[in-house]
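Naming: A, B, ... by sequence-line order, numbering from 1 per chain.
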Amino acid sequence: MLLLDYQNVLIESLLKERFAGGPPVSIDQVVSDFDGVIFHISTPESKSKILVSISIKCFPELVQYGAQAVMEREYGPYIVAPESGYDFSVQVDLDSLPEDQESKDDLVRRVSLLKRNIMAAPFEQAFDEYHHLAEEASKYTSESAPQGVQEGGETRSIHYREEEAIYVKASHDRVTVIFSTVFREETDRIFGKVFLQEFVDARRRAIQNAPQVLFQNQPPLELEKVPGVNRSGSNDIGYITFVLFPRHLTAQRRAEVISHIQTFRDYFHYHIKASKAFIHSRMRKRTADFLQVLRRARPEAEEKERKTASGRTFRVQS
Amino acid sequence: MASQTPAVVMDNGTGYSKLGFAGNDSPSFVFPTAISTKAPAGGSGGSGSGRPAVANKPSFLTGGAGPGGHLSAKRGTEDLDFFIGDEALSAAAGPGYGVHYPIRHGQIDNWDLMERFWSNSIFKYLRVEPEDHYFLLTEPPLNPPENRENTAEIMFESFNCAGLYIAVQAVLALAASWTSSKVQDRSLTGTVIDSGAGVTHVIPVAEGYVIGSSIKSVPIAGRDITNFVQSLLRDRGEPDSSLQTAERIKEEYCYVSPDIVKEFTKYDREPEDKFKKHTVTHPNGRSVTVDVGYERFLAPEIFFNPEIYSSDFLTPLPNIVDTVIQTSPIDVRRGLYKNIVLSGGSTLYKDFGRRLQRDIRHLVDARIKASEVRSGGARSGGLDVQVITHKRQRHGPWFGGSLLGQTPEFRSYCHTKAEYDEIGPSIVRRFALLGGPGST
């Protein structure tokens with residue numbers, strides 16, 4: 001498994017089973033997803049009505065960046081009033097499912113991507129803004145462009161974790177996505193540095209089409225005017241900048257790019273842990289091998305003078 | 001961040017792993033504890049060119065098995081090329097992958113595989129960031145402390161989990177029985193009968209501590225019952241006697257009878273009521289009907305009369321339970337008899353608990369009577385024998401973990417990452433008793 005899935009496996013398997021005509025049972029599960037997201041899957045009214053609620057930390061921010069419109073588009077008729085304690089709910093009625101298998105699968109996929117779709121709102125908005133700005137900018141030469149077009153739009157900040165945030169900024173020739181990361185663990189920081197260096201180098205070496213990646217401890221210039229950015233420049237905080245170029249922002253690539261970039265932090269942490277597991281595995285192997293060597297080693301047989309009971313010794317006849 | 005997230009409860013058993021979040025009444029995922037990795041490159045010894053590998057390092061440095069053998073010889077992303085759970089079994093059915101079971105007899109056998117198994121369970125299935133969550137893991141009784149330390153090393157150093165608690169499965173099974181209406185006081189004293197697929201354990205627990213010297217295991221469990229059903233089907237010449245069919249019949253029709261002789265006559269008297277028909281639909285659309293007869297009550301009977309199934313193990317389960325309690329310290333015996341808790345899939349047969357209770361009570365009453373006679377007229381106050389059946393038996397340990405993991409004081413019982421960093425792996429040798437006296 002190189003990449004993480006975007007959908008929640010539990011929701012997916014649960015809905016698939018029920019849609020395929022599994023026995024009606026009541027469900028009541030509170031499950032967690034990455035970044036402190038909490039799902040509540042339940043059947044509050046009757047066993048055929050499945051309610052999926054999500055609680056996400058940065059929901060007010062996401063609404064501000066157009067999450068409501070995205071959710072309307074994705075879930076339309078399934079949206080219900082949010083359950084208390086949660087931010088957003090969809091309800092699927094098993095008795096009025098779409099007829100054919102294909103649209104059923106599509107519904108399962110969409111519901112299991114609930115978190116991804118909510119988080120996608122600011123990205124979609126930024127991508128739209130980029131297209132708009134690009135159109136504007138084509139009317140001017142680079143010198144005569146008005147201030148707004150040249151600088152690009154506002155910076156959208158999504159505080160999806162307590163100490164970490166994503167910043168998205170569109171301008172007329174690119175979209176910049178900046179992650180701020182905090183490492184509490186010394187080892188993780190070192191692993192993280194190596195990884196990020198690899199990201200930066202990958203583009204230089206082999207994969208020319210990859211977005212440009214920058215890594216620094218100081219907040220990048222794009223975040224100059226954003227309030228609440230930690231500018232201490234200490235080693236614990238890193239800023240990872242992805243620069244998405246027009247070729248990443250085409251309509252057909254868009255969904256994939258958003259999914260990838262959203263899971264970046266989890267992907268990053270997953271691989272740090274996988275590398276540690278790999279190193280541990282090698283260490284265990286090495287220890288086992290050295291132990292084997294030790295076990296094989298016998299002390300050299302010492303040449304001892306052998307005596308008979310009366311104290312006489314034998315001499316080897318030459 | 002970790003303040004509101006539910007604790008992760010993982011119960012990794014020999015056969016199945018149960019994963020989920022505390023506070024739920026059933027695990028989110030139940031799948032085989034299996035991991036399939038790329039098999040060491042077929043039989044060709046790893047080098048595609050066909051010539052023997054040239055060893056330019058002493059063999060102990062290249063990893064012993066030469067090229068292709070161990071992960072340590074690999075330089076790519078082979079370490080991520082694996083599947084766990086049901087996916088592992090289906091991947092192993094195809095070419096290129098070999099399936100491994102990292103847990104043997106309840107104890108972790110291969111730490112490399114287990115570390116990767118956990119990594120995938122956390123990131124792919126549970127989808128949690130381990131930094132944000134507390135973890136509750138389980139261990140079998142008599143797990144050596146070194147294994148605990150290894151587990152802690154992996155959980156804290158690889159995954160940086162926020163906090164860790166390792167509980168003994170039998171104790172969690174006792175906690176799970178608190179949901180039963182028969183249990184009045186939430187004590188952690190009792191005898192746990194844990195019967196899964198491979199083996200049945202009888203474990204006495206006093207005040208939350210396992211009495212290790214009295215544990216007994218019975219080599220009869222779910223798999224044996226399935227085999228027994230299968231052999232009965234074969235003897236009768238049924239049209240389908242596959243292991244799957246036998247398992248289905250076992251799960252759907254079997255029950256425990258109070259008396260086999262009476263049950264036989266009942267079957268002869270009212271055959272249409274007792275004999276059932278089981279329809280098996282093959283994947284190709286054909287379906288056959290299998291008669292289900294005496295195996296309905298004979299199969300679980302092998303717990304009570306093992307001689308009908310096995311020739312080398314002959315002690316009935318009630319006698320084992322009685323022996324276990326009799327070898328325990330005398331001051332806890334009363335509590336052990338009063339709280340006999342069932343756990344695991346093979347204890348789910350209808351009336352299993354009632355039959356067990358009756359048989360144990362007979363043994364106890366006979367012994368009391370004998371001692372009354374010997375003492376010459378002294379009267380005994382009697383002894384209360386009670387077998388507890390409850391709704392969460394199937395995933396008993398997991399459910400107990402979920403129950404205890406959602407209590408507000410759970411976090412204070414855990415060892416946190418900071419404590420681990422301060423003291424080291426030996427910290428997990430001791431855990432305060434969760435759910436013990438003094439807690440709610």
(message) Please give me the minimum heavy-atom distance between A/Asp266 and B/Phe123, naming the atom from each residue.
(response) O-CE2, 4.3 Å
(request) Check each atom of A/Gln7 against the heavy atoms of chain B and say whether the ones under 4.5 Å are side chain, backbone, both or neither. (result) backbone
(request) Mind checking the CD1-CZ spacing from A/Ile272 to B/Phe159? Nearest 0.5 Å is all I need. (result) 13.0 Å
(request) List the atom of A/Tyr6, the atom of B/Arg127, and the distance in Å for their closest heavy-atom pair. (result) O-NH2, 3.6 Å
(request) State whether the number of non-hydrogen atoms from other residues, nucleotides or ligands found under 6.0 Å of B/Arg248 atom CZ is greater than 12. (result) no
(message) So for A/Glu185, is it side chain, backbone, both, or neither that comes closer than 4.5 Å to the heavy atoms of chain B?
(response) side chain
(message) How about CZ on B/Arg394, more than 12 heavy atoms from neighbouring residues, nucleotides or ligands closer than 6.0 Å, or not?
(response) no
(request) Counting only heavy atoms closer than 4.5 Å, note whether B/Leu113 contacts chain A via side chain, backbone, both or neither. (result) neither
(message) We want to know whether A/Thr187 and B/Glu157 form a side-chain donor-acceptor pair, criterion being a heavy-atom distance below 3.5 angstrom.
(response) no
(request) Check each atom of A/Leu10 against the heavy atoms of chain B and say whether the ones under 4.5 Å are side chain, backbone, both or neither. (result) both
(message) Heavy-atom pairs under 4.5 Å with chain A: which of B/Gly23, B/Ser28, B/Gly20, B/Ser119 has the most?
(response) B/Ser28
(message) For a quick test of reading the model, state the closest non-hydrogen atom pair linking A/Gly36 to B/Asp132 and the distance between them.
(response) N-OD2, 4.4 Å
(message) Using a strict threshold of under 4.0 Å (side-chain N to carboxylate O), is an ion pair present between B/Glu131 and A/Arg161?
(response) no
(message) Around atom CZ of A/Phe268, are there more than 12 heavy atoms from other residues, nucleotides or ligands closer than 6.0 Å?
(response) yes
(message) Has B/Glu115 got a side-chain atom pairing as donor or acceptor with A/Lys276's backbone, closer than 3.5 angstrom?
(response) no
(request) With rounding to the nearest 0.5 Å, note down the distance linking CH2 in B/Trp111 to OG in A/Ser281. (result) 14.5 Å
(message) I need the B/Asp421 CG to A/Glu186 CD distance, nearest 0.5 Å.
(response) 11.5 Å
(message) Quick check for you: to the nearest 0.5 Å, what is the distance between B/Leu80 atom CG and A/Ser275 atom OG?
(response) 8.0 Å
(message) I'd like to know whether CD of B/Glu146 has more than 12 heavy-atom contacts from other residues, nucleotides or ligands below 6.0 angstrom.
(response) yes
(request) Any chance you could measure B/Asp25, atom CG, to A/Gln29, atom CD, to the nearest 0.5 Å? (result) 7.0 Å
(message) Counting heavy-atom pairs closer than 4.5 Å to chain A, which one of B/Pro6, B/Pro130, B/Ser26 comes out on top?
(response) B/Ser26
(request) Can you see which heavy atom on A/Val30 is nearest to which on B/Asn24, and at what distance? (result) N-OD1, 2.8 Å
(message) Please report the interatomic distance CG(B/Asn160) to NZ(A/Lys273), rounded to the nearest 0.5 Å.
(response) 5.5 Å
(request) Find the one option among A/Asp5, A/Leu14, A/Val37, A/Asp33 whose heavy-atom pairs under 4.5 Å with chain B are most numerous. (result) A/Asp33
